[in-house]
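Take a look at the structure below.
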Amino acid sequence: MQNATSAASNQRAGRREWLGLAVLAVATLLVAFDSGVLFLALPHLSADLGATSSQQLWIIDIYLFLLAGVLITMGTLGDRIGRRKLLLVGAGGFTIASAISAYSTSPEMLIAARALLGVAAATMSPSTLALISNMFRDARQRGVAISVWATCMFAGGATGPVIGGVMLDYWWWGSVFLLAVPVMAVLLVAGPLLLPEYRNPEAVGRIDLTSVALSLAAILPIIYGIKNLAAGDGNLPVAVGTIVAGLAIAYLFVRRQLRLPNPLLDLSLLRQRKIRVVLPAMLIGSGAFAGTSLFTAQYIQSVAGRSPGESGLWMAFTGLGIAAGTLLAPVLVRGLQPRSVIILGLTGSAIALLVLTQAGTSGWLIGVVASIAVVAFGIGPLFALGTGIMVGSAPPERAGAAASMSETSNLFGTSLGLALLGSAGAAVYRSQMDDADLGAFPPGLADSARETIGAATAGGDPGLIALARDAFTSGLNVVAAISAVFLVALIVAIIVTFRGDGADGADAAEPADEAGSGAQPAPTR
């Protein structure tokens, strides 16, 4: 008994590990922050650099394109060459790319710098999460650490527009990028002192470059096609064609991984039931959340009539909601099983979505903001505990690969949610505007108002604005209803899948089977 107690105490993290977590958390926050920091800065930099509408889209999207495209490669690369080494290389690249972005003199230069930022972010994200699995061997401490990481990852994107808007009140648009420079400098100095090094001792040979190329050729077209669907700009054949091409290449990628002795992506991880359930659950959850958040954000600005700055502050409640949900999750699992916490959270989110189905055009600002905050709060445990299940169920030498799979699932879910739910809401809007009597309005203004509420609002006609607000709110109601159905289906799937497990899964970070609970090689420093 004394030996067991001593072994357990030796696994518990100390001051050094918690300081290391603080460094990793801030770095993770900045990676997520960069995904949304330009939303309010875009008009300023576009006027300064003379960016066209197409270039504006690339300035925003290229970061997530490259981040999603190379996540799998970087997660496996970190397992092979060392997670701390890859993290520090990525931090250095992120610092340089941030400075270049801040002082870009042309749209093309900013697009290229944002592409470099995406690649650097991809080296950092799976490395931060995989290092947590090395630093925190005690299951309960690891659950807390992963919840902190998840809070920074998922709330960071929501705080980007808020912090960016505040900075724009005092400095020029490039200042939003320079925020990363001192933080990454601290990581570069503190990383070697506080973070352990770890690599997979069984990884042999060079990384398979053909698999790297196939992964990029699969993921980038799929993400690009989904983004085009979300834009709804009429390029449906292009969007569908690129998605189909990406799926075909993904099939070739999977076949190659199954044949290689040392694959880029170890698909044997999917043999574990927990991982097979958590991956699609996080995809569906992130999709429902992203699609609904898109419409609630536009509701605040276009229906409730708030300015961009005010809208950013109202949107902050969504970030606070998801932060509270992810941080509370490890506290709740002390008395409840992880699946029960996830189910309770998703149930609360589904109820809040049902409230949104009743939203109207007036007097609903607080109700809409509160509802999406509750949705975010309820989704938080899924993100925090689901991430813990993914990393904890994988052997330590494959934690980087598991982390990259988890984050790629969330990125795909977000893109799918924006595309599918965005298209559904837009279809409702256009249908209701087509049914409305717009004959009293100028033909050009009426035609543009049929496409977007932004065009109707810009026209300035009170009667047309009222019709557009009614139509958009109907779209929000439908999107909320669809999201609620998805979450209810997800709840049922989780209940059925884990029925009869008993104590299994009582800790989100415990391995699912013997394959994932073998002896952990000591990290190297």
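Just so you know, these numbers use all the heavy atoms, side chains as well, and skip hydrogens, waters and symmetry mates. These numbers were taken from a predicted model, which means no experiment stands behind them.
In this structure, Thr95 and Leu187 have side chains that are not in contact, with every pair of non-hydrogen atoms separated by 4.5 Å or more. Between Leu247 and Ile222 the shortest side-chain heavy-atom distance falls below 4.5 Å. Phe383 places none of its side-chain heavy atoms less than 4.5 Å from the side chain of Thr151. Residues Ser98 and Leu117 form a side-chain contact, since some pair of their non-hydrogen atoms from C-beta on lies under 4.5 Å apart. You'll find the side chain of Leu193 stays beyond 4.5 Å of the side chain of Arg16, heavy atoms only. Contact check for Ser211 versus Leu260: side-chain heavy atoms found under the 4.5 Å cut-off. Here the side chains of Val244 and Val240 are in contact, with some heavy-atom distance below 4.5 Å. For the pair Trp18/Val144, a side-chain contact is recorded, criterion being any heavy-atom separation below 4.5 Å from C-beta on.
The line from CG of Leu86 to CZ of Arg84 is 12.5 Å long, rounded to the nearest 0.5 Å. Between Arg256 atom CZ and Thr210 atom OG1 the span is 4.5 Å, to the nearest 0.5 Å. Atom CZ of residue Arg114 and atom CE of residue Met109 lie 14.5 Å apart, to the nearest 0.5 angstrom. Atom CG of Leu382 is separated from atom CG of Leu487 by 9.0 Å, given to the nearest 0.5 angstrom. Interatomic distance, Thr347 OG1 to Ile491 CD1, rounded to the nearest 0.5 Å: 3.5 Å. With rounding to the nearest 0.5 angstrom, the CD atom of Gln337 is 11.0 Å from the CD1 atom of Ile342.
In terms of heavy-atom proximity, Leu188 sits nearest to Leu88 at CD2-O, 3.4 Å. Ser147 approaches Pro330 most closely through the heavy-atom pair OG-CD, 2.9 Å. Across all non-hydrogen atoms, the minimal contact from Phe295 to Gly425 is CZ-CA, 3.4 Å. Closest heavy-atom contact between Leu24 and Ile132: CD1-CG1, 4.0 Å. Taking all atoms of both residues into account, the shortest heavy-atom contact from Gly93 to Ala120 is C-CB, 3.9 Å. Scanning both residues, Ala484 and Ala350, for their nearest heavy atoms gives CB-O, 4.1 Å.
Partner of Ser101 under the side chain to side chain contact (heavy atoms under 4.5 Å, CB included) criterion, chosen from Ile111, Leu110, Leu178: Leu110. Among Leu328, Val333, Val331, Leu346, the single residue meeting the side chain to side chain contact (heavy atoms under 4.5 Å, CB included) criterion with Val341 is Val333.
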Check against side-chain contact (heavy atoms from CB on, under 4.5 Å), Ile100 and Phe177: CA-CA 9 Å; Ile100 296 174; Phe177 293 109; over 6 Å; no
Check against side-chain contact (heavy atoms from CB on, under 4.5 Å), Val89 and Thr123: CA-CA 8 Å; Val89 170; Thr123 68; 6.0 Å; no
Met124 vs Thr28, side-chain contact (heavy atoms from CB on, under 4.5 Å): CA-CA, chis, key distance, verdict: CA-CA 8 Å; Met124 297 172 62; Thr28 302; over 6 Å; no
Worked verdict on Leu21 versus Leu194 for side-chain contact (heavy atoms from CB on, under 4.5 Å): CA-CA 9 Å; Leu21 175 64; Leu194 299 174; over 6 Å; no
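A donor-acceptor pair under 3.5 Å links the side-chain atoms of Ser409 to the main chain of Leu279, judged by distance alone. Panel note: side chain Ser349, backbone Val375; a donor-acceptor pair is recorded below 3.5 Å.
In the model, Trp149 has a side-chain atom that pairs as donor or acceptor with a side-chain atom of Thr128 under 3.5 Å. Of the N and O atoms on the side chains of Thr292 and Ser483, at least one donor lies less than 3.5 Å from an acceptor on the other residue.
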